[in-house]
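Position 1 is the first residue of the sequence, and the numbers go up from there. Fair warning: this is a prediction, and the values are worked out from it, not measured in the lab.
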Amino acid sequence: MTVTLFFQLLGGVGLFLFGMTMMSQGLQNAAGDKLRMILEHVTTNRVMAVLLGITVTVLIQSSSATDMMVIGFVNSGLMEIAQAIGVIMGANIGTTVTAQITAFDLGAFAPTLLFIGCVMFLFLKKPVVKHIGSIIMGFGMLFVGISMIKQAIAPLAESPYFISFMSKLESPPLAVLFGVAFTALLQSSSSSVVIFQAFAMQGILNYDTAVYLVIGAAIGSVTPNILASLTTNRAGKRTALLNLLFNLFRAALLCTLINVFPQFLKMIQALSPDDIGRQIANTHTIFAVTAVVILFPVSKYIARLTEVLIPVLPEETRSRRERQLIYMVDTLNTLPAITIRQAMLECERLGKIARDNLKDAVQAFFEVDEELVQRVDTSEEIVDYLCHEIANRLIELRAMELPEADAFRASELTLILSDFERISDHAQNIAHYIEKVEKPKEAFSKNARKEMIRLAEQTNVTIDLSIKIFANENFELLPEAQASEDAVNEITEEVVEKHLTRMMKGKCEPTAGHVYTDMSAELERCSDHAMNIAKALVPRKLMEDLEMEMEMEAEA
């Protein structure tokens with residue numbers, strides 16, 4: 001192969017991969033967030049999960065993108081591992097469509113597609129049209145790249161060195177390993193299978209070798225997922241492992257099947273006897289469908305195996321238990337008044353999680369406890385999820401004809417959810433302040449630590465009182481809660497004043513000083529949100545009387 005042909009091969013591969021990426025991104029942009037919403041609301045029905053996996057992957061032309069979404073959903077607790085395996089199985093089938101498309105010889109039409117797509121993408125303003133243009137342009141690039149690859153590799157059929165290398169791949173284990181490595185390098189099983197098709201169409205690769213390369217490509221396709229899972233929690237890592245295990249079982253199953261029943265491959269070849277490119281595409285698709293059909297009945301055991309290899313920690317069990325509504329389980333068949341009471345119980349439970357999260361955050365900061373920071377992050381995700389779910393149920397309730405008192409409560413509960421969520425947000429901010437200070441344990445003096453802990457404790461008193469007032473509608477405690485809130489404000493002013501004095505004397509490192517000030521502000525805001533919660537359900541007339549009473553006490 002000459003230097004010119006070598007660079008033509010690289011250019012063809014690059015153009016093909018870029019075309020695939022552009023087409024996939026265009027499809028995802030055209031679909032917007034709808035595909036994510038579909039996956040997010042996938043049911044526990046495993047058959048439906050497989051069908052959704054196929055549909056989404058066909059639409060975005062990327063099993064890796066689908067798998068990344070699944071990892072993200074499992075990582076955030078929106079999807080269980082048992083649901084994930086169905087979507088992953090479906091993605092393995094959906095990704096075979098690319099090879100089916102490229103088995104058609106559309107190279108002659110590729111320049112026209114490129115031109116049309118380019119005009120739509122560059123000169124038309126409407127976003128949807130631009131997205132469609134990028135899809136068409138990517139499609140054209142894909143086929144131009146394939147044409148360049150075919151032209152570049154044609155002379156390789158006469159190269160003794162290359163023929164010698166390819167002959168080594170006639171060993172099934174080596175072919176599988178090469179398929180794994182090649183696909184891991186490209187990070188796309190669709191791309192590697194299409195390139196194998198090109199080699200076969202040029203007579204460089206025989207069908208039997210291509211079969212094992214396709215099997216290896218499926219294993220190599222999990223590389224992007226494994227890399228992405230390195231930054232996720234244990235649930236995300238478990239999902240990437242699930243994908244790997246499924247493809248390993250799939251490879252073992254298919255290797256056994258074609259060796260025990262060699263007529264299986266002959267049957268596939270008979271579907272398109274004179275077209276090896278189509279034979280490879282059909283093999284890719286039939287292998288994927290066969291593996292899913294056979295492994296589907298035992299998919300739950302594969303999911304359980306991931307939980308054996310990466311055990312579920314007690315903290316994860318707690319997260320699963322808390323990440324669900326306990327009281328508002330059947331709002332459609334429940335009287336509105338009862339649903340309102342259920343919503344109050346859910347909010348009370350949510351408030352306690354947010355309160356505990358603030359306590360953990362302060363402890364995590366001063367003890368520099370990374371595990372506790374992770375717990376704060378998990379609790380914050382739980383709070384966000386519960387707020388979203390409770391709010392959705394309240395919106396459904398508010399659409400009904402409610403008595404004035406119930407309508408008032410439903411409206412106020414929505415605001416209370418926001419206040420609890422903000423308390424948990426501030427808690428997460430406090431926990432992550434340790435990342436802004438080099439040595440948190442040494443950055444603050446003993447007095448500074450005592451003052452901040454005192455402020456945090458007083459803030460927690462206000463939050464505890466607000467939860468009691470809200471949950472029991474014990475408005476007699478409002479003056480006590482207001483006194484606690486006033487104490488928080490006074491302590492905050494005192495803390496900031498003493499802190500500024502220490503900074504003026506050079507007793508406090510500047511960066512740590514900013515963190516200290518920000519933390520006191522976060523705690524004061526938590527106390528403000530607590531008072532909003534305490535006052536939310538107070539009837540207007542009673543609120544006016546209480547405010548007048550507190551003013552008179554303040555003047556006295």
Say you draw a straight line from [atom1] of [X] to [atom2] of [Y]; how long is it, rounded to the nearest 0.5 Å?
| X | Y | atom1 | atom2 | result |
| --- | --- | --- | --- | --- |
| Leu169 | Ser171 | CG | OG | 8.5 Å |
| Lys237 | Asn225 | NZ | CG | 13.5 Å |
| Cys347 | Gln342 | SG | CD | 12.0 Å |
| Asp208 | Leu265 | CG | CG | 6.5 Å |

> With sequence neighbours left out, which residue pairs that include part of residues 168-196 fulfil the ring pair (Phe, Tyr, Trp, His ring centres under 6.0 Å) condition?
Replying inline: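 Ring pair (Phe, Tyr, Trp, His ring centres under 6.0 Å) check on residues 168-196 returns Phe165-Phe178, Phe178-Phe182, Phe182-Phe196.
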>> Please identify which of these residues, Arg454, Met452, Glu451, Glu457, meets the side-chain contact (heavy atoms from CB on, under 4.5 Å) condition with Ile491.
In response: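 When Arg454, Met452, Glu451, Glu457 are each tested with Ile491, the side-chain contact (heavy atoms from CB on, under 4.5 Å) holds only for Arg454.
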>> Under the side-chain contact (heavy atoms from CB on, under 4.5 Å) test against Val222, which residue among Val180, Leu244, Leu245, Leu248 passes?
In response: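 The option that passes is Leu244.
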> Could you go step by step and tell me if Arg355 and Leu358 meet the side-chain contact (heavy atoms from CB on, under 4.5 Å) rule?
Replying inline: CA-CA 5 Å; Arg355 175 202 61 194; Leu358 182 61; 5.9 Å; no
What I'd like to find out is whether the side chain of [X] reaches to under 4.5 Å of the side chain of [Y], using heavy atoms alone.
| X | Y | answer |
| --- | --- | --- |
| Ile258 | Ile215 | yes |
| Glu389 | Gln324 | no |
| Thr223 | Ile226 | no |
| Ile268 | Tyr207 | yes |
| Ser379 | Asp356 | no |
| Val495 | Tyr516 | yes |
| Phe199 | Leu213 | no |
| Asn429 | Met519 | no |

> Side chains of Glu524 and Thr492: donor-acceptor distance under 3.5 Å anywhere?
Replying inline: no
>> Does either side chain, that of Asp377 or that of Gln428, offer a donor lying less than 3.5 Å from an acceptor on the other one?
In response: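 A donor-acceptor contact under 3.5 Å links the two side chains.
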With sequence neighbours excluded, tell me which residues meet side chain to side chain contact (heavy atoms under 4.5 Å, CB included) with [X].
| X | result |
| --- | --- |
| Arg341 | Met344, Leu345 |
| Pro172 | Tyr212 |
| Ala471 | Glu348 |
| Ala303 | Ile81, Leu242 |

Where [X] and [Y] come nearest, the two heavy atoms and their spacing:
| X | Y | value |
| --- | --- | --- |
| Arg238 | Pro311 | NH2-O, 3.2 Å |
| Ala281 | Gln197 | CB-NE2, 3.6 Å |
| Thr459 | Cys526 | CG2-CB, 3.8 Å |
| Ile280 | Ala210 | CD1-CB, 3.7 Å |
| Ser189 | Thr95 | OG-OG1, 3.9 Å |
| Ala343 | Leu413 | CB-CD1, 3.8 Å |

Ignoring hydrogens and geometry, is there a side-chain-to-backbone donor-acceptor pair from [X] to [Y] under 3.5 Å?
| X | Y | result |
| --- | --- | --- |
| Tyr433 | Phe365 | no |
| Arg234 | Val312 | no |
| Thr209 | Leu205 | no |
| Ser299 | Leu295 | no |
| Thr414 | Ala410 | yes |
| Arg525 | Ile423 | no |
| Thr462 | Gln458 | yes |
| Thr57 | Ile54 | no |
| Asn243 | Thr239 | no |
| Ser466 | Ile463 | yes |

>> side-chain contact (heavy atoms from CB on, under 4.5 Å), that's the test. Do Ile390 and Leu325 meet it? Break it down for me.
In response: CA-CA 8 Å; Ile390 298 169; Leu325 297 181; 3.6 Å; yes
> Are Arg422 and Asp425 within salt-bridge range, i.e. N to O under 4.0 Å?
Replying inline: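 Yes, charged N to carboxylate O under 4.0 Å.
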> Are Arg349 and Glu346 within salt-bridge range, i.e. N to O under 4.0 Å?
Replying inline: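 Counted as a salt bridge, because a side-chain N and a carboxylate O are separated by less than 4.0 Å.
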>> Could you go through Phe366 and Ile434, starting from their C-alpha distance and side-chain angles, then the distance that decides it, and tell me whether this counts as side-chain contact (heavy atoms from CB on, under 4.5 Å)?
In response: CA-CA 8 Å; Phe366 283 114; Ile434 61 172; over 6 Å; no
> Quick one: salt bridge (charged side-chain N to carboxylate O under 4.0 Å, His left out) pairs with a partner in residues 300-313, sequence neighbours left out?
Replying inline: Glu307-Arg320
>> If you apply the rule side-chain contact (heavy atoms from CB on, under 4.5 Å), what do you find for Thr96 with Ile286, and how did you get there?
In response: CA-CA 9 Å; Thr96 65; Ile286 292 170; over 6 Å; no
> Between Arg250 and Asn92, does a side-chain hydrogen bond (donor to acceptor under 3.5 Å, both in side chains) hold up when you go through it step by step?
Replying inline: CA-CA 10 Å; Arg250 162 181 157 157; Asn92 272 266; 3.2 Å; yes
>> Would Asp384 and His388 count as a side-chain hydrogen bond (donor to acceptor under 3.5 Å, both in side chains) here? Give the steps.
In response: CA-CA 6 Å; Asp384 286 345; His388 178 73; over 6 Å; no
>> Evaluate Asn282 against Gln100 for side-chain hydrogen bond (donor to acceptor under 3.5 Å, both in side chains), listing each step before the verdict.
In response: CA-CA 7 Å; Asn282 290 340; Gln100 293 289 351; 3.2 Å; yes
